[in-house]
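To keep things clear, I will list the structure first and then write my remarks on it.
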Amino acid sequence: MDVAHCYLEGNADAVEFCPHNGHHNVLAASTYTLQEGDQPTRCGSISLFNVNGDTDSFYTVYSEETSGIFDIKWNPPSGGTSPFLGQADADGYLRIKMLDDDGVQGTCLKEITSEKITNSMCLYLDWNPSSTSITVGLSDGCVSIVSLLESKLEIQEEWKAHDFELWTTSFDIHQPNLVYTGSDDCKFCCWDLRDSPSNPVFKNSKVHKMGVTCIEKSPHDSNSLLTGSYDEFLRVWDLRSISKPVNETSISLGGGVWRVKHHPVIQDLVLAACMHNGFAIVGIKGNKAEVLETYKKHDSLAYGADWQKGEVKLIEGRSKPVVATCSFYDKLVRVWRPSNDIIL
């Protein structure tokens, strides 16, 4: 069920719905474009869209040119914090922008702070649950923990976590002292920020056959975590034995699994961006995972994917969550609903 689509000026690599109450209609999309030549440059953009799930309307409300962007993330809606959008740049900067939606100037983003945290590239970012710290994956294999206090960014810790590009890093939303990392070196690691970061809680280097591209903790089950890899497998991990996580379930999605997103309300429902094989909605029940639906209306690398937050709209008594996806070389953002019934 297609709602709408839009072409961007640059290569689309991330889409993120705002999770804050009163702003669930706001969708952010980012781009990264390499301008080749004698002196190559990496440029990008951020666009904001209004997505109304009740009327299925979709239109641009704001756009700005930026450095090349590898990742964007809204901060969690906890403790009455304002909506902030974190931006991981190819020029080594971490930037924080505030959503301004006061109705005077319309919806826009205002940069509140930025910090150059590396001479390499920032590839990925994730907020801790209280929006006070950000973990950033760097192209030199390092992970950086950056605090955000009183509109100021400050590097708290940084260490060499992997041998190659660190494509993904995330806080454990149930135990924020734990940070997960995944890299082109095929390793999946966990670090405890209360200890020396050079000593991992665990380091798994045997399961993923290619680079680890995404890590996502389940918001519904504190023992469940997902990893995605270039090897095309989505894996479900049981973390009850944190020193040696058990690989319970894996499913091949037919393309490198670049992003995975749990549905914020519907338990056991996962959206995956599968690079060379479009997008997939996966149902996970215990030790069983199955593809419920695929979406292949993008003609390029499937990179960005997210669920709209808030209540799920019922159409003829059936739940129809809104999904946003984007693809790289065709510069395309699409908003759609699953055609199959999703059971709440």
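- Side chain of R337 to main chain of K320: a donor-acceptor pair is present (N/O by atom type, distance under 3.5 Å, no hydrogens or angles).
- For N25 and N52, the side-chain atoms include no donor-acceptor pair closer than 3.5 Å.
- Checking D268 against H262 by side-chain atom types alone, no donor-acceptor pair falls below 3.5 Å.
- No hydrogens or angles considered: nothing links the side chains of Y303 and R259 as a donor-acceptor pair under 3.5 Å.
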Could you go through W167 and S183, starting from their C-alpha distance and side-chain angles, then the distance that decides it, and tell me whether this counts as side chain to side chain donor-acceptor pair (under 3.5 Å)?
CA-CA 5 Å; W167 288 121; S183 165; over 6 Å; no
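- At a threshold of 4.0 Å, the pair K309-D306 counts as salt-bridged, since one of the basic side-chain nitrogens sits closer than that to a carboxylate oxygen.
- One side chain, N177 or D192, offers a donor N or O that lies under 3.5 Å from an acceptor on the other.
- Side-chain contact between L148 and I96 is present, with heavy atoms from C-beta onward closer than 4.5 Å.
- Considering only heavy atoms from C-beta on, Q156 comes within 4.5 Å of E154 through its side chain.
- There is no side-chain donor-acceptor pair under 3.5 Å between T213 and S229.
- Side-chain contact, S222 with H174: no donor N or O sits under 3.5 Å from an acceptor N or O.
- A cation-pi arrangement is not found for K209 relative to F233, the charged atom failing to lie both closer than 6.0 Å to the ring centre and inside a 45° cone about the ring normal.
- A donor atom on one side chain and an acceptor atom on the other are found under 3.5 Å apart for T169 and T135.
- Between the side chains of Y62 and N50, no donor N or O sits under 3.5 Å from an acceptor N or O.
- A salt bridge does not link D126 to K73: none of the charged nitrogens lies less than 4.0 Å from a carboxylate oxygen.
- Looking only at atom types and distance, the side chain of D100 has no donor-acceptor partner in the side chain of T107 under 3.5 Å away.
- With contacts defined as side-chain heavy-atom distances shorter than 4.5 Å, the pair H208/T227 qualifies.
- Between V322 and V51, the closest side-chain pair of non-hydrogen atoms falls below 4.5 Å.
- E64 is listed as a side-chain neighbour of K97, based on a closest heavy-atom distance under 4.5 Å.
- The closest side-chain donor-acceptor pair between E293 and S339 falls under 3.5 angstrom.
- Counting heavy atoms from C-beta outward, V270 and I284 have side chains that approach closer than 4.5 Å.
- Contact of the N277 side chain with the L253 side chain is not registered, since no non-hydrogen atoms from C-beta on lie closer than 4.5 Å.
- Using a 4.5 Å heavy-atom cutoff, the side chains of W191 and Y180 are not in contact.
- Side chains of D91 and S67: a donor-acceptor N/O pair is present below 3.5 angstrom, by distance only.
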